[in-house]
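Everything on this sheet refers to the single structure shown next.
Both backbone and side-chain heavy atoms feed into the values below; hydrogens, waters and symmetry mates do not. Here is how names work: the chains are called A, B, and so on, in the same order as the sequence lines, proteins then strands, and each is numbered from 1.
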Amino acid sequence: MFDSEFEQNLFDLRRAKLAEIEKLGESAYPNRFAATHTLGAVRGHWGEVQAAELDAGRVTVAVAGRIMAIRAQGKAGFATLQQEGQRLQIYVRLDAVGEQGFALYKLLDLGDHIGVAGYLFRTRTGELTVHVERLTFLSKAMLAMPEKYHGLADLELRYRQRYVDLFANLDSREVFVKRARLLKALRRFFDERGYLEVETPMMQQIAGGAAARPFKTHHNALDMDLYLRIAPELYLKRLVVGGLDRVYEINRNFRNEGISTQHNPEFTMLEFYQAYANYHDLMDLTEELIRFVAMEVNGTTLTTFNEAEIDLGKWERLTMREAIVKWWPENSGSPRPALEELHAPDKLRGWVEDLRAIGKQIDYTDGEPAGKTIANIFEAVAEDFLIQPTIIYEFPTAVSPLSKQKPDEPDWVERFEVYIGGFEIGNAFSELNDPVEQHRRFEQQLAERQRGDEEAHQMDEDYVRALAYGLPPTGGEGIGIDRLAMLLTGSRSIRDVILFPLMRPEKQEPASSSPLPG
RNA sequence: GAGCCCGUAGCUCAGCUGGUAGAGCAACGCCCUUUUAAGGCGUGGGUCCUGGGUUCGAAUCCCAGCGGGCUCACCA
């Protein structure tokens with residue numbers, strides 16, 4: 001537990017202080033405190049009230065908090081309490097709290113939790129302060145607080161010891177408060193529109209609904225291998241078959257992939273499905289949704305991300321093919337393609353080579369479906385430019401095994417992705433509901449798997465059977481909640497919006513470092 | 001998985017053309033009854049991430065490892 005002799009010594013010292021506190025008749029670990037107000041409520045009610053008014057009609061309060069600063073001055077002293085991200089100063093003087101009370105004050109340390117009762121006043125410098133008449137000890141900090149001015153700056157420590165980060169860096173706390181508001185806003189948005197919130201299996205025998213490598217686990221009693229889900233998609237559509245016309249789920253997905261500023265192995269996904277809707281309906285709904293949650297979380301649709309001003313209320317829509325043409329690099333060996341050339345692409349290989357020649361990274365293997373190449377070209381050419389909210393629609397069928405084809409262009413599907421800040425935050429389509437076609441698509445995916453694509457979709461016979469009972473025309477969408485939270489809070493890294501991001505283990509501590517004596 | 005950068009006191013950071021460590025905050029002692037990054041006087045605190053190597057001598061130079069950050073790849 002201890003990182004050093006310093007910490008061990010401090011811990012021992014604080015234990016001795018706790019013993020002193022008990023000698024004063026206080027409990028070392030009391031079990032409650034009857035506060036009349038939170039610190040935020042005190043600020044809310046009396047934050048603007050003038051000194052004269054406070055002196056005229058004495059306001060008494062009982063409040064609790066953690067000591068974040070303490071300034072002793074002989075026979076008096078100040079401290080700053082913090083609670084729920086709010087701060088309030090207290091003033092303790094010998095002649096107000098008595099010998100016992102002041103002895104307790106002198107035994108307090110930074111980080112301790114205390115409760116105080118007293119009346120409000122303003123100091124000479126105008127700061128709203130509780131003039132303490134009774135001091136109650138609540139809990140001791142046995143370890144040293146971070147530096148009071150800079151807070152905890154070390155990113156590794158902030159992620160590993162989020163419990164310190166949260167009280168030491170109020171900016172960090174604010175991110176997670178906003179994240180909670182985001183979740184609440186999402187639920188309100190869908191609840192108000194008649195969607196039912198559901199929970200589907202996170203342990204699945206077939207990891208389907210997305211292209212990703214899964215985590216594997218094992219159930220002992222059934223002696224059965226299971227995958228942690230990579231998406232809830234196939235279960236949610238089974239529910240629409242079952243007559244739950246509008247469903248949504250907000251929960252974790254798990255993907256056994258690399259970690260980056262935009263990827264955490266477990267991440268939160270919103271998926272929703274709506275019977276009788278197609279992908280155009282979902283485009284409208286998506287714009288409305290993003291606008292709504294931005295207003296609920298920030299009170300504005302404007303946000304700053306990676307030094308870019310983004311308006312989450314202003315949207316552009318482009319087909320994937322239009323986006324490729326629009327953002328085609330001027331300096332590539334190939335001239336900007338015409339839109340028609342992307343309808344029947346026979347120049348793909350040359351394009352890939354020319355784009356690679358100017359430094360674009362594009363996966364390409366001989367014999368891969370044309371649609372796969374086009375999708376990769378799109379990501380290489382256009383993605384970085386999609387900073388303002390943009391809907392990219394019409395995707396190649398080859399990379400969309402669960403989407404419905406366009407009636408007039410069977411190589412393309414009714415699908416769109418939502419791009420903001422240069423990365424994808426959502427993916428939606430008119431759901432493929434023809435069981436025969438779905439079975440054929442799964443078989444195509446199996447062929448891709450044979451060619452070595454580990455992320456190609458697996459066959460799910462039961463899902464095809466569900467479709468055979470009849471899935472109404474349905475639109476479905478998934479939105480990455482962590483990424484949306486990044487945009488709304490201006491966080492550059494996904495780790496800044498996940499309370500406990502996955503970290504490598506630190507070196508094992510020797511077992512002898514127990515805080516207990518003997 | 002690859003490239004670049006970082007790791008010094010509990011925290012925030014100096015020191016890095018090699019001569020075995022400093023500051024501020026925090027801690028401890030003393031003074032101070034309206035301070036607020038309170039102030040004053042004094043004290044203690046470090047396997048300089050780990051392990052090798054070069055050298056008379058390494059926090060500093062070299063190699064390897066561990067942990068972290070960023071970029072790229074995979075993906076959302």
Side-chain angles (χ1 to χ4, degrees), chain A residues 2-14 16-17 51 68-80 87 89-97 102 105 109-111 121-127 129 131 141-161 164 168 209-213 230-231 253-271 359-363 376 379-380 417-419 423-427 453-455 478-484 486 492-495 501 503-508:
Chain A
F2 297 114
D3 287 341
S4 65
E5 200 176 328
F6 172 91
E7 288 202 337
Q8 175 78 63
N9 291 341
L10 187 65
F11 197 92
D12 292 343
L13 205 64
R14 298 277 161 99
K17 283 191 179 180
M68 297 305 287
I70 190 161
R71 298 175 288 278
Q73 285 184 321
K75 295 183 176 58
F78 292 90
T80 302
R87 290 185 167 200
Q89 178 170 270
I90 63 167
Y91 180 53
V92 182
R93 46 193 287 174
L94 176 60
D95 53 19
V97 297
F102 204 70
Y105 172 77
D109 291 297
L110 285 178
F121 76 111
R122 282 190 187 275
T123 61
R124 272 207 275 267
T125 53
E127 172 122 8
T129 304
H131 199 295
M142 309 294 280
L143 296 168
M145 293 295 105
E147 217 252 8
K148 67 183 170 191
Y149 189 63
H150 299 90
L152 189 65
D154 186 298
L155 277 178
E156 180 174 357
L157 284 178
R158 293 180 54 191
Y159 298 147
R160 287 191 196 278
Q161 302 185 33
V164 179
R213 301 221 299 271
I230 56 174
N253 287 350
F254 306 87
R255 300 191 183 174
N256 209 337
E257 313 272 356
I259 294 176
S260 78
T261 49
Q262 287 161 37
H263 301 84
N264 195 62
E266 56 176 309
F267 64 100
T268 300
M269 181 78 116
L270 157 71
E271 285 204 14
K360 299 286 182 191
Q361 303 267 358
I362 304 182
D363 265 358
N376 286 334
E379 283 182 26
E417 287 188 346
V418 180
Y419 285 86
F423 56 72
E424 181 193 340
I425 72 147
N427 178 25
D453 185 349
E454 279 186 73
E455 290 165 0
I479 291 180
I481 298 309
D482 312 276
R483 289 184 175 181
L484 188 51
M486 287 167 67
R492 283 163 175 267
S493 170
I494 199 167
R495 280 173 232 113
M503 304 286 278
R504 282 195 173 83
E506 292 176 288
K507 262 177 272 182
Q508 198 64 45

[X] side chain: which of [options] is closest?
X: A:Glu5; options: B:U33, B:G46, B:C74; value: B:G46
X: A:Asp109; options: B:U34, B:A27, B:C70; value: B:A27
X: A:Phe78; options: B:A73, B:U34, B:A27; value: B:U34
X: A:Thr261; options: B:U71, B:U34, B:U12; value: B:U71

Pairing partner of [N] (Watson-Crick or G-U wobble, both distances under 3.5 Å):
N: B:A37; answer: none
N: B:C28; answer: B:G42
N: B:A9; answer: none
N: B:C16; answer: none
N: B:G1; answer: B:C72

Any donor-acceptor pair under 3.5 Å between the side chain of [X] and the base of [N]?
X: A:Gln73; N: B:U34; answer: no
X: A:Arg71; N: B:U35; answer: yes
X: A:Glu156; N: B:G69; answer: no

Within this structure, what is the CG-to-P distance between A:Asn9 and B:G10, rounded to whole angstrom?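 Checked: the CG to P distance equals 11 Å.
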Rounded to the Å, how far apart are A:Phe11 CZ and B:G45 P?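 So the CZ-P distance, A:Phe11 to B:G45, works out to 22 Å.
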Please determine whether a side-chain nitrogen or oxygen atom of A:Arg495 lies at a distance below 4.0 Å from atom OP1 or OP2 of B:G69.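 Result: yes.
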For B:U35, take OP1 and OP2 only and decide whether either is under 4.0 Å from a side-chain N or O of A:Lys75.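 Checking A:Lys75 against B:U35: no side-chain N or O falls below 4.0 Å of OP1 or OP2.
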Here's a test of your reading of the structure: between A:Arg124 and A:Glu266, which maps to the more 5' nucleotide of RNA chain B?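 Result of the comparison: A:Arg124.
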Would you check if A:Phe6 stacks with the base of B:G45, given a 5.5 Å centroid limit and a 30° plane limit, both strict?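 No, aromatic ring not over the base.
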Tell me whether the rings of A:Phe121 and A:Tyr91 are parallel (<30°), tilted (30 to 60°) or perpendicular (>60°).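 Ring orientation, 0 to 90° scale: tilted.
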